[in-house]
Amino acid sequence: MSIIRCRDKVLDTSKHTLVMGILNVTPDSFSDGGDNFGTEDAIRNAMAMIEAGADIIDVGGESTRPGFTKISDEEEIGRIVPVIEYLANNTDVVISVDTYKSQVAKAALKAGAHIINDIEALNDPDMASVVASFDAGVVLMYNARLYPHEGSVDVASYASDVLKVQAQKALDAGITKDSIIMDPGIGFGTTREQDAALIKDLDTLSIEGEYPVLLALSRKRLVAEVMGGETSAKNRDETSLGLGIAGVSNGACMLRVHNVDLTVKALKGYDFIKGGK
């Protein structure tokens, strides 16, 4: 499926590989905590990513790194809504919001967001109806912290089965099929071997081509291990890109990244050879 509908926006994955820029309006995210903590800094960095070619800006108000500290809905809303409102009123970019809380999602959508990027894949009992009521898009992520993979079953097949159930929940709530995006959940309760297996078989997550797949691995622990050990998060962009392009070749149609400029430039070459425009 090449068309993704999210409110009044349409994304077309047949034109080029889509790039989602990460905008963490937090003091404690593992890679860029503090860089965008404040409305002015967040807006300035969002505009830079848009200028660099981001198709989507993914705004997050709570870190979900391993061992993260939860914050209240009110605090999360206070961090992200001013940024969303500015982007919605001053740009044409598609705005995604990284939250698993239905009340935060509702406030974000009221402010002008188009997609809810839900790391818990509608685990909040009200999330599906909130997304449906705004005709918004939704990212359903396989989260091994909630649905651990056990036994000898192939991890990509297992993740696909989990997401099929959550996609049906979305459809039953009135979310349209062309508004649903799948995410393999790299680093969320998975081992590095499972991460590699998911990247090698991302096409399985599309459920026979029915859903687009987002790959989000930028600067994560997998990248550090591929690089050979400990390294600062901001030194992981080139290896993140290499893994990301491998994922695109295996079925992903969009990448969620910190370094938009590097990713957009590299994908121009990849898409040209692959048959892009």
Side-chain angles (χ1 to χ4, degrees), residues 1-22 49-50 52-59 84 87-88 91-98 105 108-109 112-119 121-122 127-142 159-160 163-185 201-216 244-245 247-257 260 263-264 266-268 270-277:
M1 184 175 291
S2 63
I3 296 297
I4 303 168
R5 301 188 188 279
C6 40
R7 303 189 75 174
D8 61 334
K9 302 289 187 182
V10 175
L11 294 165
D12 188 349
T13 65
S14 69
K15 292 183 176 180
H16 62 269
T17 304
L18 301 177
V19 176
M20 175 186 281
I22 299 169
M49 288 192 285
I50 294 167
D55 301 284
I56 307 162
I57 299 295
D58 190 46
V59 183
I84 296 166
L87 296 177
T91 77
D92 291 324
V93 76
V94 173
I95 305 164
S96 170
V97 174
D98 184 2
L109 292 166
H114 307 97
I115 297 172
I116 299 301
N117 183 6
D118 186 355
I119 65 165
L122 309 180
M127 182 65 89
S129 62
V130 167
V131 173
S133 68
F134 285 87
D135 294 321
V138 66
V139 178
L140 304 179
M141 192 190 81
Y142 165 62
S160 176
L163 292 179
K164 281 180 186 177
V165 172
Q166 299 311 99
Q168 189 59 54
K169 182 187 292 187
L171 294 170
D172 290 344
I175 298 173
T176 60
K177 190 171 186 178
D178 57 3
S179 297
I180 299 172
I181 302 163
M182 302 302 196
D183 178 345
D201 200 10
L202 284 176
D203 193 52
T204 298
L205 274 292
S206 73
I207 308 177
E208 299 181 356
E210 293 185 35
Y211 299 101
V213 176
L214 165 68
L215 179 59
I245 289 177
V248 173
S249 71
N250 290 330
C253 63
M254 62 182 79
L255 297 178
R256 180 179 183 272
V257 302
V260 169
T263 305
V264 168
L267 286 172
K268 285 183 184 293
Y270 175 87
D271 288 338
F272 175 77
I273 295 300
K274 189 178 178 180
K277 310 300 183 288

Close side-chain approach of [X] to [Y], heavy-atom, < 4.5 Å:
X	Y	result
V10	I4	no
L140	D183	no
I56	L11	yes

>> Please check: side-chain N/O of S179 versus main-chain N/O of C6, any donor-acceptor pairing under 3.5 Å?
In response: no
> Counting distance only, does the side-chain N/O of H114 pair as donor-acceptor with the main-chain N or O of I95 below 3.5 Å?
Replying inline: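 Indeed, once roles are kept as given, a pair shorter than 3.5 Å links the two residues.
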>> N250: which residues meet the side-chain contact (heavy atoms from CB on, under 4.5 Å) condition with it, sequence neighbours left out?
In response: none
>> When you compare the side chains of T17 and D271, does any donor N or O come within less than 3.5 Å of an acceptor on the partner?
In response: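 Side chains of T17 and D271: pair found under 3.5 Å.
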What are the two closest heavy atoms between [X] and [Y], and how far apart are they?
X	Y	value
N117	S96	CB-OG, 3.5 Å
G137	V131	O-CG1, 3.9 Å
A252	L215	CB-CB, 4.0 Å
V97	A113	CG2-CB, 3.6 Å
T13	C253	CG2-SG, 3.6 Å
A54	G21	CB-N, 4.4 Å

> Got a second to check how far Y211's OH is from D178's CG, nearest 0.5 Å?
Replying inline: 10.0 Å
> If you round to the nearest 0.5 Å, how far is OG of S160 from CG of L205?
Replying inline: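 Between atom CG of L205 and atom OG of S160 there are 6.0 Å.
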> For D172, does the CG atom have more than 12 heavy-atom neighbours from other residues, nucleotides or ligands under 6.0 Å away?
Replying inline: yes
>> Heavy-atom count check: over 12 atoms from other residues, nucleotides or ligands less than 6.0 Å from E208 CD?
In response: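 Open.
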> Does the distance from a Lys or Arg side-chain N to an Asp or Glu carboxylate O, for D98 and R256, drop under 4.0 Å?
Replying inline: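 Salt bridge present between D98 and R256.
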>> For M20, run the side-chain contact (heavy atoms from CB on, under 4.5 Å) check against I57, V94, D58 and tell me which one passes.
In response: D58
